[in-house]
Amino acid sequence: MADDTHVLDRPPPGAAADWTIPQGWDAYTPQEHATWDTLFARQAKLLPGRASDAWLRGLDVLQLSRPGIPDFEELSDKLERLTGWRVIAVPGLVPDDVFFDHMANRRFVAGNFIRRPDQLDYLQEPDVFHDVFGHVPMLADPVFADYLAAYGRGGQRALGLDALKYLGRLYWYTVEFGLIREPEGMRIYGSGIVSSYSETRFALDDPSPNRIMLDLKRVMRTEYRIDDFQQNYFVIPSFDELLRLTVETDFAPLYEELKGKPDIPVAEIVDGDEVLTRGTQDYARGKVGA
Ligand code: PHE
Ligand code: FE
């Protein structure tokens with residue numbers, strides 16, 4: 001995650017100076033490949049009609065439906081021809097400047113490990129299923145590919161402006177948990193959703209969360225949960241519009257303005273919100289301690 005702080009300050013043994021490690025594809029066990037296949041089969045059934053057209057096309061052109069955990073080199077060769085991006089393996093979380101440098105240069109950092117069979121439904125750290133199945137199809141879309149590279153440059157800038165907290169929220173509510181309005185209806189494109197069996201349905205169909213049209217400043221003020229379903233999803237009208245808005249806006253004055261304003265709690269609706277569905281928040285209320 002772009003805003004995580006509990007990372008090492010130098011590459012661990014076995015990692016290169018840029019923090020990359022070999023994927024070690026040959027070392028995956030049949031069991032690990034089978035875990036990928038199980039996760040893949042569940043999501044592939046659920047996603048037509050729910051995932052955005054761009055994500056579905058990416059899955060198809062990258063031939064991700066072939067059995068087993070993808071080989072990053074082979075996948076990267078296909079992806080690079082489409083949008084210039086490659087997928088590289090790293091040992092878990094990397095420092096922010098390293099993360100942004102790779103991203104600005106169209107290198108997508110991915111975990112190479114896969115979750116255990118008893119963690120099919122949930123795990124907090126991003127594994128190869130989340131990173132590759134969730135993120136990489138979107139990188140085959142030329143507009144989204146440009147957005148993420150621009151985000152990487154924006155991250156480098158935000159580091160210097162001490163504003164990562166704000167920019168990180170934009171990543172969270174677009175790249176990880178974004179919804180898009182398509183001609184046929186609302187669709188998901190955020191990788192945290194498309195790689196999750198339960199959140200795929202929750203994000204689109206559950207009455208509990210708010211679904212609000214994305215506004216830059218609003219999103220950058222909004223807190224988020226890393227350990228549960230979201231209580232707000234932000235909706236974009238199109239990837240073209242997301243790219244245009246983020247690239248054409250100078251974030252420096254926004255950061256300055258936001259530093260003087262309070263954060264917005266996760267489930268709150270504020271003045272100016274274009275609310276598409278106002279959530280009941282029943283899901284959050286039903287939980288112990290919520
Ligand atoms: N325009 C942003 C800035 O001025 C950079 C950015 C581009 C951020 C695209 C996110 C996505 O910092
Ligand atoms: Fe992710």
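Whatever order the structure lists them in is the order used to number ligands and atoms, beginning at 1. All values derive from a computational prediction rather than experimental measurement.
- The proximity of Leu243 to ligand 1, defined as any non-hydrogen pair under 4.0 Å, does not occur for either the backbone or the side chain.
- Using a 4.0 Å cut-off to heavy atoms of Asp250, the atoms of ligand 1 that qualify are 4 (O).
- Inclusion of Arg157 in the set of residues having an N or O under 3.5 Å from an N or O of ligand 1 is warranted.
- A donor atom on one side chain and an acceptor atom on the other are not found under 3.5 Å apart for Arg187 and Ser52.
- Between Tyr147 and ligand 1, not a single N/O pair is under 3.5 Å apart.
- Counted by atom type alone, Glu176 and Ser191 present one or more donor-acceptor pairs between their side chains at under 3.5 Å.
- Protein heavy atom in closest approach to atom 2 (C) of ligand 1: Phe251 CD1, 3.4 Å.
- Residue Tyr255 places no N or O, backbone or side chain, under 3.5 Å from any N or O of ligand 1.
- No donor-acceptor pair under 3.5 Å is formed between the side chain of Asp273 and the backbone N or O of Val275.
- Looking at Ala252 next to ligand 1, no N or O pair under 3.5 Å apart turns up.
- The protein heavy-atom contact nearest to atom 5 (C) of ligand 1 is Gly154 CA, 3.7 Å.
- When hydrogens are left out, the protein atom nearest atom 11 (C) of ligand 1 is Thr246 CB, 3.5 Å; that is the closest non-hydrogen contact.
- At least one N/O/S atom of Glu176, whether from backbone or side chain, sits less than 2.8 Å from the Fe ion (ligand 2).
- With sequence neighbours excluded, no residue forms a ring-ring contact (aromatic ring centres under 6.0 Å, His included) with Tyr166.
- Side chain to side chain, Glu199 and Tyr122 fail the donor-acceptor criterion of an N or O pair below 3.5 Å.
- Side chain to side chain, Ser238 and Asp240 fail the donor-acceptor criterion of an N or O pair below 3.5 Å.
- Distance alone, capped at 3.5 Å, is enough to place a donor-acceptor pair between the Thr246 side chain and the Leu243 backbone.
- Using modelled atom types, one finds a donor on one side chain and an acceptor on the other under 3.5 Å when comparing Thr174 with Tyr147.
- In the vicinity of Tyr151, heavy-atom distances shorter than 4.0 Å reach the ligand 1 atoms 9 (C), 10 (C), 11 (C).
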